[in-house]
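Notes to accompany the following structure.
Small disclaimer: the values here were computed from a predicted structure and weren't measured. A note on names: the letters A, B, ... follow the listed sequences, proteins ahead of strands, and every chain is numbered from 1.
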Amino acid sequence: MLPDIIQLIYLVATGIFIVGIKRLGSPATARSGNQLAALGMFIGIVITLFDQQIISFEYIIGGIVLGSAIGAFAAKKVEMTSMPEMVAIFNGFGGGASALVAWGEFTRVADPNVLSGQDLVTMGLSILIGSITFTGSFIAFGKLKGFISGNPLTFPGQNFFNAILTIGSLGLVGWLAFDPTNMLVFWILFGIALLLGILTVLPIGGADMPVVISLLNSYSGLAASMAGFVINNNLLIISGALVGAAGLILTNIMCQAMNRSLGNVLFGAFGGDNGGGDGGPAADTDKTVRETTAQDVALQCAYADKVVITPGYGLAVAQAQHVLKEVVDKLEKKGVEVKYGIHPVAGRMPGHMNVLLAEADVPYDQLYDMEQINPEFKSTDVVLIIGANDVVNPAAKTTEGSPIYGMPILDVDEAKRTIVFKRSLSPGFAGIDNALFYEETNQMFFGDAKDSLQALSQALNDV
Amino acid sequence: MLPDIIQLIYLVATGIFIVGIKRLGSPATARSGNQLAALGMFIGIVITLFDQQIISFEYIIGGIVLGSAIGAFAAKKVEMTSMPEMVAIFNGFGGGASALVAWGEFTRVADPNVLSGQDLVTMGLSILIGSITFTGSFIAFGKLKGFISGNPLTFPGQNFFNAILTIGSLGLVGWLAFDPTNMLVFWILFGIALLLGILTVLPIGGADMPVVISLLNSYSGLAASMAGFVINNNLLIISGALVGAAGLILTNIMCQAMNRSLGNVLFGAFGGDNGGGDGGPAADTDKTVRETTAQDVALQCAYADKVVITPGYGLAVAQAQHVLKEVVDKLEKKGVEVKYGIHPVAGRMPGHMNVLLAEADVPYDQLYDMEQINPEFKSTDVVLIIGANDVVNPAAKTTEGSPIYGMPILDVDEAKRTIVFKRSLSPGFAGIDNALFYEETNQMFFGDAKDSLQALSQALNDV
Amino acid sequence: MSGLIFNLFIFVLASFVGFELISKVPPTLHTPLMSGANAISGITIIGAVVVAGQVDSEFAQIIGFLAIVFATINVVGGFMVTDRMLEMFKKKN
Amino acid sequence: MSGLIFNLFIFVLASFVGFELISKVPPTLHTPLMSGANAISGITIIGAVVVAGQVDSEFAQIIGFLAIVFATINVVGGFMVTDRMLEMFKKKN
Ligand SMILES: NC(=O)c1ccc[n+]([C@@H]2O[C@H](COP(=O)([O-])OP(=O)(O)OC[C@H]3O[C@@H](n4cnc5c(N)ncnc54)[C@H](OP(=O)(O)O)[C@@H]3O)[C@@H](O)[C@H]2O)c1
Ligand SMILES: NC(=O)c1ccc[n+]([C@@H]2O[C@H](COP(=O)([O-])OP(=O)(O)OC[C@H]3O[C@@H](n4cnc5c(N)ncnc54)[C@H](OP(=O)(O)O)[C@@H]3O)[C@@H](O)[C@H]2O)c1
């Protein structure tokens, strides 16, 4: 097959990727978008096998079989709530692969002096970015899984030290371009890059990992694009750039939703542990809260016209999505109008609640964005706040200087009644007390969300 | 200067164009977007002068000076309401230039046989598309200016004939690629292309010209892109493709807003004359309308809490925008809340009303889109419908089979009172009667919009 | 890889950019956008400059001259008219 | 025109496409999108195939093999996991 034909088919694959990513942007088409992207990838791989440079196939077949088995196994086994970890680890492998491609290409040529300066620079960058992605992703994985403490691990002067390392590694990339036979430079560059991945992610709090993963995802796209420069492959350059840019924008959107800058996420050593509730400053004991029971909540809901449910991270911890759906079904059968109000950063990853509720078969047109649901609270009788805390904390509006000040929140206090389902008065992710709990119109339903909802479901039978 | 450096600067210009077009998409940044695009163009032109192929400069300087003078003069003199004509004619020149570039390049090489097949194909396409744009744009201009009848000029079998010509011309492009020394083929291709531009636009009604211009705009981008293939120039290819794609999408958006398909616009021979009112089926005489006077309208408005103004094509015909603003100012001084509700296809070009009202210094945040204003009619006391007809015609909702059936309209009938300013009961662009005129809550204020508004303004002084 | 392939790649990618850029523009801006895009399509002036600036054929040069005049009208007129239109879009202060 | 310039052009254009594509995605889809984009970044498998398929250096082949394994995990796992996530997004019927 002629190279020109390969290129044309690459162009087709490019188009498929673009359409695929576009379709990933809307709920109705997202699945087909993902499948299209997979098709583009398949075409790209198959057509590359016709490249004249490719002579030996054993390693290729072996590698693909082994990789597919591992990837498919992991994808099948992972639980829905461990998605962020899984994405992190896959992403790390992708970045690692890009670094390896550059390394392999470097090793292939017997005399690196034949490589042009620009080839060497892109090689160096590919190794640098790929390696950072590799180790960084694994640290993120470890933090999410709890293998590594979720707390920001810092030491004095850390940001300064990391900055020095970054500049140093870029210097080494330049050095390598002038002195490509110096393997010491090569190895030091490799080592520093791997170290940088670790050192830049360690100081970031476990709960900020989704943002970090999205950023690393962007890096791995960039690394792939650089690998494309190295082996002069259009498809690689383009799809890498697509993903690189898309990841960057996505990272930005995620930061915006939390009302924080990317810089604050990366260097702020914010957001300690990953789970809410265990520890944190004690709640203000002067004020009083009103406790309630399953029977009482059941009564209030059953006789309401409109109930809104605002879930948060606790729903995921308690794995209470199925019971919640059960409760909602019962309420709807009683003629109550029920809507879900989803805050953009509820949970620990963007769309966390959506994924969770989708798992319990809640149709997505019952889920309302913050902008859509906020005007409705005025006409709402009861709001059930299930394991959410920061996203309904009025401090975001009232308390200047609070870590969440300025973040848009769900205006649940406008409803006639709010009921908070959580285990204690301890704070959530941002580590701050919540004045909502002490409001006149608020009631607390203490306990694990799953247990509480089960009790509520039971109680609803008797209303 | 090295070609590589030229290319890099081209890349910068490309980026500037993209950012410029992006900024054109939002009111707050549109002007700077246009200026950015002009800057990109300037950089592109200047840097091209360093191309090694360019040896002689007299023709270049002469052409630029002459062209600038004509362009600047035309742009300064044109009235705001003649914008569509102006854009049409500029666009025609652009398309013509692309065809000329291809022709010039063809003539330059002493022996066309040295040209590769692909060069010849792109040359042929550039001539074809460029020429269609050229003559088509001038016909559109003529129709809008009234030099050519605005009515669809058709003859039996026209669409079929045009289809044959199109296929024939594509065939000639292919022929030329195989037999480039045959000047007869070349000239026939040129001739047919020019003819096609005329024949495809003539059968389209004058009022559909904005859509046609947008489509021709897309063509001229495509022609520029093809010219870029001919002379192997990245910047030309990219900016041409950008504009080609943008124009196509824009055309589509415009058709959608009228609830018609592009095919219907191009081949439907729809929408006769360009002005509303002169002629058309006589109004249904069985039903009665309620007439009103300036004094009465002044009273109703002055004591209203909220007035919405929905302008239409008649406002442009009457050039009544300034008086309208005067009336609104007086009402606001009296403490009345006034909003403008702008239907996306009110007038005869997209954004027609916006441009018109902007000319009269109406701030754009007082203008509301259809989606924004529709929910507000319920709480509106008086709607002043100034020279609008189709965009408030309930037939779009009720009368299946009506030419506007399915088009979203302004729900003015939900307001307490509507007052229509127009000269007669004759229909608007779509040529159909309007049941709104006979509604209980409606009143007609007959007369030229400018005169009527002047009278109203007068009357407001005495309230 | 041949030049044509390269040209095709950038053509396709630029088309995608064009599509995406415009997909969400409010109707208010359709006419200025149309006019602005029209001005940009005058970029063909670059081609005209190349044709008019070579010395292989005098006749081609004259065609190139005409092309420059046409394209410049489009560019200069287009940008100016767009600017005039947009100048009027002011925010309530 | 050199290959690097070509590569830069497509890199820049593709980046613009990427930026524009994502700018208006609802939060619901952030996680699937992240995961889908991550799978696409496994395209580096193409580079791995090229490195593993040459015969200039056995050692490079082994590195290439490892790169293939890594990249395939990313691609296969990534697409499958995304599909699993999206499978659950159903419209109320
Ligand atoms: N979505 C994202 O992409 C993302 C990423 C990074 C960070 N964040 C941050 O995460 C926070 C999200 O807010 P949120 O309101 O969803 O969560 P949150 O503020 O972290 O609060 C979660 C609450 O759930 C409760 N909880 C934990 N386990 C529970 C269980 N088994 N049963 C019942 N309740 C339980 C905890 O209280 P108890 O211990 O008293 O039960 C805790 O207060 C925001 O600050 C956001 O900025 C979000
Ligand atoms: N905006 C676009 O891009 C575009 C492009 C092509 C087609 N269109 C079509 O154009 C129509 C636009 O609707 P529209 O409601 O704005 O206009 P319309 O339906 O065409 O009605 C305009 C009305 O203005 C009145 N009029 C004319 N001159 C007047 C004057 N001097 N003083 C007072 N009234 C005057 C006419 O009635 P009298 O004769 O009784 O005064 C006429 O009924 C739609 O059908 C749309 O599809 C729009």
Side-chain angles (χ1 to χ4, degrees), chain B residues 21-22 24-25 27 30-31 34 37-38 48 53-56 59-60 63-64 66-68 70-72 74-75 87 90-91 93-94 96-98 100-101 103-104 107-108 118 214 217 220-221 224 227 229 231 236-239 241-243 245-246 249 344 349-351 354 358-359 363-365, chain C residues 4 7 10-11 14-15 17-19 21-22 25 27-38 40-44 46-57 59-61 63-74 76-83 85-86 88-90 92:
Chain B
I21 297 183
K22 190 175 173 64
L24 267 171
R31 196 169 178 205
N34 184 53
T48 305
Q53 290 179 55
I54 295 181
I55 299 158
S56 132
Y59 284 113
I60 297 178
I64 290 184
L66 183 58
S68 303
I70 302 176
V87 174
F90 287 153
N91 189 48
F93 280 121
S98 293
L100 288 174
V101 169
W103 181 19
T107 319
R108 187 177 67 82
Q118 74 202 33
S214 175
N217 191 4
S220 78
F229 276 88
I231 65 162
L236 205 39
I237 297 177
I238 294 176
S239 12
L242 279 174
V243 172
I249 286 286
M349 60 175 184
N354 306 71
E359 200 196 338
Y364 68 74
D365 39 9
Chain C
L4 179 68
N7 291 342
I10 59 174
F11 178 77
S15 302
V17 177
F19 277 123
L21 282 176
I22 300 308
V25 174
T28 322
L29 285 172
H30 287 177
T31 299
L33 189 67
M34 189 159 109
S35 156
N38 169 46
I40 297 180
S41 75
I43 186 73
T44 198
I46 287 184
V49 164
V50 171
V51 173
Q54 49 76 37
V55 288
D56 299 346
S57 146
F59 183 50
Q61 268 189 299
I63 298 176
F65 169 74
L66 207 64
I68 291 190
V69 177
F70 278 21
T72 313
I73 293 177
N74 187 3
V76 174
F79 280 124
M80 282 180 66
V81 121
T82 313
D83 193 62
M85 252 185 266
L86 292 171
M88 296 177 319
F89 283 72
K90 294 187 207 84
K92 203 170 190 167

For the candidates [options], which exhibits the highest count of non-hydrogen atom pairs separated by less than 4.5 Å from chain B?
| options | value |
| --- | --- |
| C:Ile46, C:Val50, C:Val76, C:Leu66 | C:Ile46 |
| C:Asp83, C:Asn38, C:Ile68, C:Asp56 | C:Asn38 |
| C:Thr82, C:Leu33, C:Asn74 | C:Asn74 |

- For C:Leu21, is it the side chain, the backbone, both or neither that has a heavy atom under 4.5 Å from a heavy atom of chain B?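 Answer is side chain: those atoms of C:Leu21 sit under 4.5 Å from chain B.
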State, to 0.1 Å, how close [X] and [Y] come at their nearest heavy-atom pair, and which atoms those are.
| X | Y | result |
| --- | --- | --- |
| B:Gly104 | C:Ala60 | O-CB, 3.5 Å |
| C:Gly36 | B:Leu24 | CA-CD1, 4.3 Å |
| B:Asn91 | C:Ser41 | OD1-OG, 4.3 Å |
| B:Ala97 | C:Ala67 | CB-O, 3.5 Å |
| B:Ala227 | C:Thr44 | CB-OG1, 4.1 Å |
| B:Ala75 | C:Met80 | CB-CB, 3.6 Å |

Does some side-chain heavy atom of [Y] sit less than 4.5 Å from a side-chain heavy atom of [X]?
| X | Y | result |
| --- | --- | --- |
| B:Leu66 | C:Thr72 | no |
| C:Ile40 | B:Leu242 | no |
| B:Trp103 | C:Val51 | no |

If you round to the nearest 0.5 Å, how far is [atom2] of [Y] from [atom1] of [X]?
| X | Y | atom1 | atom2 | result |
| --- | --- | --- | --- | --- |
| B:Ile238 | C:Asn7 | CD1 | CG | 9.5 Å |
| C:Phe65 | B:Leu100 | CZ | CG | 11.5 Å |
| C:Phe11 | B:Ile237 | CZ | CD1 | 9.0 Å |
| C:Ile43 | B:Ser220 | CD1 | OG | 12.0 Å |

Based on non-hydrogen pairs under 4.5 Å, which of [options] is most in contact with chain C?
| options | answer |
| --- | --- |
| B:Asn34, B:Ile21, B:Val243 | B:Asn34 |
| B:Gly221, B:Ala38, B:Ala224, B:Gly94 | B:Ala38 |
| B:Thr48, B:Ile60, B:Val87, B:Ile231 | B:Ile60 |
| B:Ala30, B:Gly96, B:Ala74 | B:Ala30 |

Does any backbone or side-chain atom of [X] lie under 4.5 Å from a heavy atom of chain C? Answer side chain, backbone, both or neither.
| X | value |
| --- | --- |
| B:Gln118 | side chain |
| B:Ala72 | both |
| B:Ile55 | both |

- For B:Phe90, check ring pair (Phe, Tyr, Trp, His ring centres under 6.0 Å) against everything at least two apart and list the hits.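 So B:Phe90 forms no ring pair (Phe, Tyr, Trp, His ring centres under 6.0 Å) with any residue.
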- Message: Using the rule given for side-chain contact (heavy atoms from CB on, under 4.5 Å), can you reason through C:Leu4 versus B:Phe229, listing the C-alpha separation, both sets of side-chain angles and the distance that settles it, and then say yes or no?
- Response: CA-CA 8 Å; C:Leu4 179 68; B:Phe229 276 88; 4.0 Å; yes
- Task: Examine distances only and state if a side-chain atom of B:Asn217 and a backbone atom of C:Met34 form a donor-acceptor pair shorter than 3.5 Å.
- Result: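 Yes, because the side chain of B:Asn217 sits within donor-acceptor range (under 3.5 Å) of the backbone of C:Met34.
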